[in-house]
> 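The structure is given below, and queries will be raised subsequently.
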2 protein chains.
Amino acid sequence: VVVDAMGGDHAPKAPVAAAVAALARWEGVELVLVGDEERLRHELGPTRPGGGRLRVVAARGTIGPDESPIEALRDKPEASLPVAFSLLAAGEADALVSAGSTGVLMAAAALRIGLLPGVSRPALGAPLPTPEGREVLLMDAGAHMDARPEVLLQYAVMGSLYLERVRGVARPRVGLLNVGTEAGKGNRLVRAAYKLIAAAGLNFVGNVEARDIYRDAADVLVCDGFAGNLVLKGLEGFGLLVRDSLRREMMRDLRGRLGGLLVLPALRRLSRTFDYNETGGAPLFGPAKVIVKCHGASRTTAIANGIAVAVEAVRAQMMERMAEALAGAHARLGEA
Amino acid sequence: VVVDAMGGDHAPKAPVAAAVAALARWEGVELVLVGDEERLRHELGPTRPGGGRLRVVAARGTIGPDESPIEALRDKPEASLPVAFSLLAAGEADALVSAGSTGVLMAAAALRIGLLPGVSRPALGAPLPTPEGREVLLMDAGAHMDARPEVLLQYAVMGSLYLERVRGVARPRVGLLNVGTEAGKGNRLVRAAYKLIAAAGLNFVGNVEARDIYRDAADVLVCDGFAGNLVLKGLEGFGLLVRDSLRREMMRDLRGRLGGLLVLPALRRLSRTFDYNETGGAPLFGPAKVIVKCHGASRTTAIANGIAVAVEAVRAQMMERMAEALAGAHARLGEA
């Protein structure tokens, strides 16, 4: 597994610490850290963790989240992410983990790796943490804006397979994000996608309303990238609003201030529950190799979880299985 | 103004009380209450509020929120909502206020009233309450699932005009709900709508991300009904989740329980802020007459606010102004 040691807000500290933890956790796993050699050596210290199972590959510079992906990849071939992709493309690694920007990851995957057979468009999966400790995989969370019904079917197949094979969810429930629960609801896209997904042999639970995302209605929620991004960012904004408003309301009088001090641990637990940074990454769905994207604000635990996803995906032969499942779904479509 | 006295969870009590309050507030306004005559007379009591300015029109039965709109309107012509629409259609009232189900209201408007010239599809406006006491009008909140770019332009024109003329917002800021702020972001629909709205002579502030809905980014947020409904219901579900999780977290230990008691007033104030029931209704956008939809859970204040919206809309000649504005926007399109 090659780890982009310079991606994310807490690089290279968090990726290095996560890599060291991963070496201790899995005996058979070999890791490559790509980044500024001097800084990585400094973070690693005098010890050589994992014996010969850790390699450091030098890169110069990073690609920032505000750079244009295509231009940055062209102009900075020696930055950590392009170097990491070169190792993946050359077969020197089976998987890649990065907390760098999504746009750059998607572009690099498209340019250097290509798509799995049967995939029209790659998707982003957003693992939404729930109060019960489960995750709901919302996909596409914003990679592709104008999905066709067949593309939503591909998301359903890939998401379901990932949850089953890599995350250990038995018979993952596939839901279609929609404005009502009855079949026939929604816009042209989801009405057509409903029929395709219902006929695909998945554990399809039908339409799921946005208000039920957190109510254990499904394990993977399929939607187009436009809708997924709106819902995700809406929740994010509303969460911040509630937090700020609650603080302000509590500060209004002495009673509230005292109460606020007392409920602080409860508030912290709650905000951790909904904190992306505590959850691991999710793979990009579509590229032909395992590429795990961690949240930019990821700390050590989250990047370690991302490495775990990569390791499990490689061990479960996720790519081979996905290609088979997609071929099967397309064959069913052809018969229907 | 004709008021459907049987619509909503708190009918007929809330509509009757709201009507009595409205008569006291405006000297020149005449109201018609439509519903079960005996129950309405009972609610009104022995007094005759408003002198001759209040009329009661008898209706039999109501249409429930789970009935099929078209069938219910056909099979129950004597229910309160169809009777109220007959008065509106016959010109015996200038506006209609109801807390009945949206689907039935939309269907009755389409069958009995028709659309304003220049409107392809009616829309629902959801007035989202914000912590600062403003409202953000999200439209379409779910009336029409497959909007074309011209339809989003119509929403922008109608929403802007309503806020300016009826709600007293100076130069309302029109935003386009999108996945990024830069022009060129989004799916085909919003990219095309962006160009149309930008050229319509409105106070267009460009794209607004879902995370900024509550951050005073715009006064009216234009989107298609599928996206609007997802965002709205996502916020609703997340709000309930945060409330329940907070309660549970606080109940976990004595400290949290004590603190919870102390912050209770702050929590109540906060949940009131986001409570639909406290805000008034919004008109349906598109029908040729003023039809104000109040939330089904509306209590007296909310229905009174809905009546106020209806009165102000009639006084501001909203329909005539909207028709002019739509004609103007279409003329610009033709020139462009």
Side-chain angles (χ1 to χ4, degrees), chain A residues 130-131 142 145-147 177-180 185-191 209-215 223-242 244-246 248-253 255-267 269-270 273-274, chain B residues 130-131 142 145-147 177-180 185-191 209-215 223-242 244-246 248-253 255-267 269-270 273-274:
Chain A
T130 70
M145 290 295 124
D146 286 291
L177 190 64
N178 206 334
V179 300
K185 280 275 177 180
N187 57 18
R188 266 188 295 261
L189 170 67
V190 296
R191 290 199 311 269
E209 289 190 84
R211 69 157 69 92
D212 296 327
I213 291 177
Y214 289 102
R215 284 196 194 156
C223 58
D224 72 279
F226 186 77
N229 196 276
L230 286 186
V231 167
L232 207 58
K233 287 191 183 160
L235 298 181
E236 190 186 321
F238 191 66
L240 291 174
L241 170 81
V242 168
D244 295 347
S245 305
L246 203 55
R248 200 167 41 220
E249 285 295 335
M250 284 179 186
M251 290 304 281
R252 270 172 57 167
D253 49 33
R255 177 182 172 162
R257 259 178 257 183
L258 181 58
L261 277 175
L262 291 170
V263 297
L264 204 62
L267 285 180
R269 280 195 302 268
L270 185 62
T273 303
F274 297 113
Chain B
T130 69
M145 290 296 124
D146 287 293
L177 190 64
N178 207 334
V179 300
K185 280 275 177 180
N187 57 16
R188 267 189 294 261
L189 171 65
V190 297
R191 290 200 310 268
E209 288 189 85
R211 70 157 68 96
D212 297 327
I213 292 178
Y214 289 102
R215 285 196 193 157
C223 58
D224 72 282
F226 186 77
N229 196 276
L230 286 186
V231 167
L232 207 59
K233 286 190 183 158
L235 298 182
E236 190 186 321
F238 191 66
L240 291 174
L241 170 81
V242 168
D244 296 347
S245 307
L246 202 55
R248 200 167 43 222
E249 284 296 335
M250 284 179 186
M251 292 304 282
R252 272 172 55 168
D253 49 32
R255 176 182 173 162
R257 261 179 256 185
L258 180 61
L261 277 176
L262 291 171
V263 296
L264 204 61
L267 286 180
R269 280 194 302 268
L270 185 63
T273 303
F274 297 112

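Every heavy atom of this structure was used, including side-chain atoms; hydrogens, water molecules and symmetry mates were not. To find a chain, count down the sequence lines: A is the first, B the second, and so on, and within it residues start at 1.
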> Under a 4.5 Å cutoff for heavy-atom pairs, which residue among A:G186, A:G142, A:G239 has the most contacts with chain B?
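Most heavy-atom pairs within the cutoff with chain B belong to A:G186.
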
> Please determine whether the number of non-hydrogen atoms from other residues, nucleotides or ligands lying under 6.0 Å from atom CZ of B:R188 exceeds 12.
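Not more than 12 within 6.0 Å, no.
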
> For the atom pair CG (B:L232) and CD (A:E209), what is the distance rounded to the nearest 0.5 Å?
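Taking CG in B:L232 and CD in A:E209, the distance rounds to 11.0 Å.
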
> Mind checking whether B:F226 and A:V190 have side chains closer than 4.5 Å, heavy atoms only?
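Side chain of B:F226 against side chain of A:V190, heavy atoms only: contact under 4.5 Å found.
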
> If we define contacts as heavy-atom pairs under 4.5 Å, which of A:G237, A:G259, A:G225 has the most with chain B?
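Sorted descending by pairs with chain B, the first entry is A:G259.
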
> Describe, in one word, how the ring planes of A:F238 and B:Y214 are oriented to each other, choosing from parallel (under 30°), tilted (30 to 60°) and perpendicular (over 60°).
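The rings of A:F238 and B:Y214 sit tilted, inter-plane angle from 30° to 60°.
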
> Judged by atom type as modelled, is there a donor-acceptor pair below 3.5 Å linking the side chain of A:R211 to the main-chain atoms of B:G234?
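Between the backbone of B:G234 and the side chain of A:R211 there is no qualifying donor-acceptor contact (under 3.5 Å).
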
> Please state whether the side chain, the backbone, both or neither of A:D212 comes within less than 4.5 Å of a heavy atom of chain B.
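For A:D212, no heavy atom lies under 4.5 Å from chain B.
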
> B:R257: what forms a side-chain contact (heavy atoms from CB on, under 4.5 Å) with it, not counting sequence neighbours?
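Once residues adjacent in sequence are excluded, the partners of B:R257 under the side-chain contact (heavy atoms from CB on, under 4.5 Å) criterion are B:M251.
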
> So, for B:V179 and A:M145, which heavy atoms are closest and what is the spacing to 0.1 Å?
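Closest approach of B:V179 to A:M145: CG2-SD, 3.8 Å.
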
> Given that the side chain runs from C-beta out, which part of A:I213 has a heavy atom under 4.5 Å from chain B: side chain, backbone, both or neither?
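Neither part, no heavy atoms under 4.5 Å.
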
> In Å, rounded to the nearest 0.5 Å, how long is the span from CG of A:L177 to CG of B:L230?
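Spacing of CG (A:L177) from CG (B:L230) equals 4.5 Å.
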
> Would you find a donor on one side and an acceptor on the other, under 3.5 Å apart, between the side chain of B:N187 and the backbone of A:D146?
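Between the backbone of A:D146 and the side chain of B:N187 there is no qualifying donor-acceptor contact (under 3.5 Å).
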
> Which region of B:L240, side chain (C-beta onward) or backbone (N, CA, C, O), has a non-hydrogen atom less than 4.5 Å from a non-hydrogen atom of chain A, or is it both or neither?
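Only the side chain of B:L240 comes within 4.5 Å of chain A.
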
> Let's test your reading of the structure: which of B:V231, B:D244, B:L235, B:D253 forms the most heavy-atom pairs below 4.5 Å with chain A?
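Heavy-atom pair counts peak at B:L235.
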
